[in-house]
Number of protein chains: 2
Amino acid sequence: MARPILHNDDVRAQLLEEAAALVAARGVAAVSLRDIAAAAGTSTTAIYSLFGGKQELLTAVVDDGFVSFAASQSEAAPDGLLALGRAYRRWALEHPSLYSLMFTGSLGTYIDCPPTPEVASDAITPLLTAVSGGLAAISSTEPPSAVAGAVWGQVHGLVGLELANAPLPGGTWTQAYETALQGIVRAYFEM
Amino acid sequence: MARPILHNDDVRAQLLEEAAALVAARGVAAVSLRDIAAAAGTSTTAIYSLFGGKQELLTAVVDDGFVSFAASQSEAAPDGLLALGRAYRRWALEHPSLYSLMFTGSLGTYIDCPPTPEVASDAITPLLTAVSGGLAAISSTEPPSAVAGAVWGQVHGLVGLELANAPLPGGTWTQAYETALQGIVRAYFEM
DNA sequence: ATCGTTTCATAACATCGTTATGAAAGCGTT
DNA sequence: AACGCTTTCATAACGATGTTATGAAACGAT
């Protein structure tokens, strides 16, 4: 054989952890492969042999983000749609850089790191399920996918504006968020 | 005196035009100062003497974007809130890269180019005004700023998910957008 | 015509993602 | 035990980027 393998799963896990920590701390634009490798005590070659490149490493970071987000949503699911909406915002505000990287897509970011489709859709499923269940409970005739899209867009958009520090004259985003959640209930879930 | 000034307002305007065109065509991540300067028939020095750097050039591009967006909103304003909402989406889908650069903020982009606050707030004013007027017309007790934030978040979020190519199983974003607009009317503007 | 000043294109620099290179480390054979 | 073969990976090199330094070009004043 040859010299022993150092680029093993432990190094892979540590690279992932350091990459996620640096993204969370400084934003995706400010992290370099050299920084990540140095923080993990290895060289940039490890990133290429274990992930393939920066794009794939960031995709792994994003996938981990979706797993964490999905766990947060699943935990809130039993408490209903409003709880899901509040947990959605709470997770996003706790992970601003990561949320942005996860949901902004290729347009806003300087590198394209799309999530694994299945991982991403799993994270949104609780919200969509709650919407469908709520519509069924009142025998609504609205198409569930359209209402689910509207609700998702509502929470995503408010979180996005808040994270972007968009100015809301005369009010707070917390107020707007609660108003929006109540509005969703009135618009779609009362017969 | 000295040699004549070549970095004049004409060159400035042409740099701005080429920068906007390249952002629209290839996205902000794929445009370099060398490309912009070459397209404008000058050197990168012109960007530094006329704007200050890449960040300020992109801020100028974003400000121009807000002016165009504001014109689109003002044109739709007389036709009411639903028309404003549809014009909002239409402009965003026609200028996806620019919309993303304008509204994503520093988190998603690799360079921070915040708009001039006044220019940005002018662009949103028609929407906020229409919301306030609609609430007053029915003597609603909802705080206008909170409802305005909710409405803004609704249209912004749906546009953002659509631009990010987020999957909406079983439906289209066009359907979801129309459903959301009708939902807003039911939630806030019917007594 | 020459000097001095101003202007700006070119070249240099540090840093980035990525790739090439060559030394290090183990195994099999002698 | 020593050499060779193969595999592995840290270092160095490469092209490109934003930014800054440099020095030539272009004019008015003398």
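Order of the sequence lines sets the chain letters (A, B, ...), proteins ahead of strands, with each chain counted from 1.
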Side-chain heavy atoms of [X] within contact of [Y], under 4.5 Å:
X        : Y        : value
B:Leu181 : B:Val185 : no
B:Phe51  : B:Thr59  : no
B:Asp35  : B:Arg26  : yes

Figure out the [atom1]/[atom2] separation between [X] and [N], and round it to whole Å.
X        : N      : atom1 : atom2 : answer
A:Asp112 : C:dG17 : CG    : C1'   : 16 Å
B:His7   : D:dA26 : NE2   : C1'   : 14 Å
B:Leu50  : C:dT7  : CG    : P     : 12 Å

For B:Ser68, the side chain to side chain contact (heavy atoms under 4.5 Å, CB included) test, sequence neighbours excluded, returns B:Trp91
Can I get a per-line list of side-chain donor-acceptor pairs under 3.5 Å for residues 120-132 of chain B, giving both atom names and the distance, sequence neighbours left out?
from     : atom 1 : to       : atom 2 : distance (Å)
B:Ser121 : OG     : B:Pro117 : O      : 3.3
B:Ser121 : OG     : B:Glu118 : O      : 3.1
B:Thr125 : OG1    : B:Ser121 : O      : 2.8
B:Thr129 : OG1    : B:Thr125 : O      : 2.8
B:Ser132 : OG     : B:Leu128 : O      : 3.2

Among B:Leu98, B:Leu15, B:Ile36, which one satisfies side-chain contact (heavy atoms from CB on, under 4.5 Å) with B:Val61?
->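 It is B:Leu98; the other options fail the test.
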If you look only at distance, which donor and acceptor atoms sit under 3.5 Å apart when one is on a side chain in residues 135-152 of chain A and the other is two or more places apart or in another chain?
from     : atom 1 : to       : atom 2 : distance (Å)
A:Ser140 : OG     : A:Glu142 : N      : 3.0
A:Ser145 : OG     : B:Gly170 : O      : 3.2
A:Trp152 : NE1    : A:Tyr88  : OH     : 3.3

Base, backbone or nothing for each nucleotide of nucleotides 11-20 of chain D, written B, S, -, heavy atoms under 4.0 angstrom, 5' to 3'?
-> B-B---BBBB
Any residue meeting ring-ring contact (aromatic ring centres under 6.0 Å, His included) with A:Phe103, in chain and number order, not counting sequence neighbours =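 Per chain and number, A:Phe103 pairs via ring-ring contact (aromatic ring centres under 6.0 Å, His included) with A:Phe66, A:Phe69, A:Tyr99, A:His156.
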Nucleotides 23-25 of chain D: which of its N/O atoms have a protein N/O under 3.5 Å away?
from   : atom 1 : to     : atom 2 : distance (Å)
D:dA25 : N3     : B:Arg3 : NH1    : 3.3

When all nucleic acid strands are considered with a 4.0 Å heavy-atom cut-off, which category describes B:Ser49: base, sugar-phosphate, or nothing?
->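 Nothing: the residue B:Ser49, judged by heavy atoms under 4.0 Å, touches no strand.
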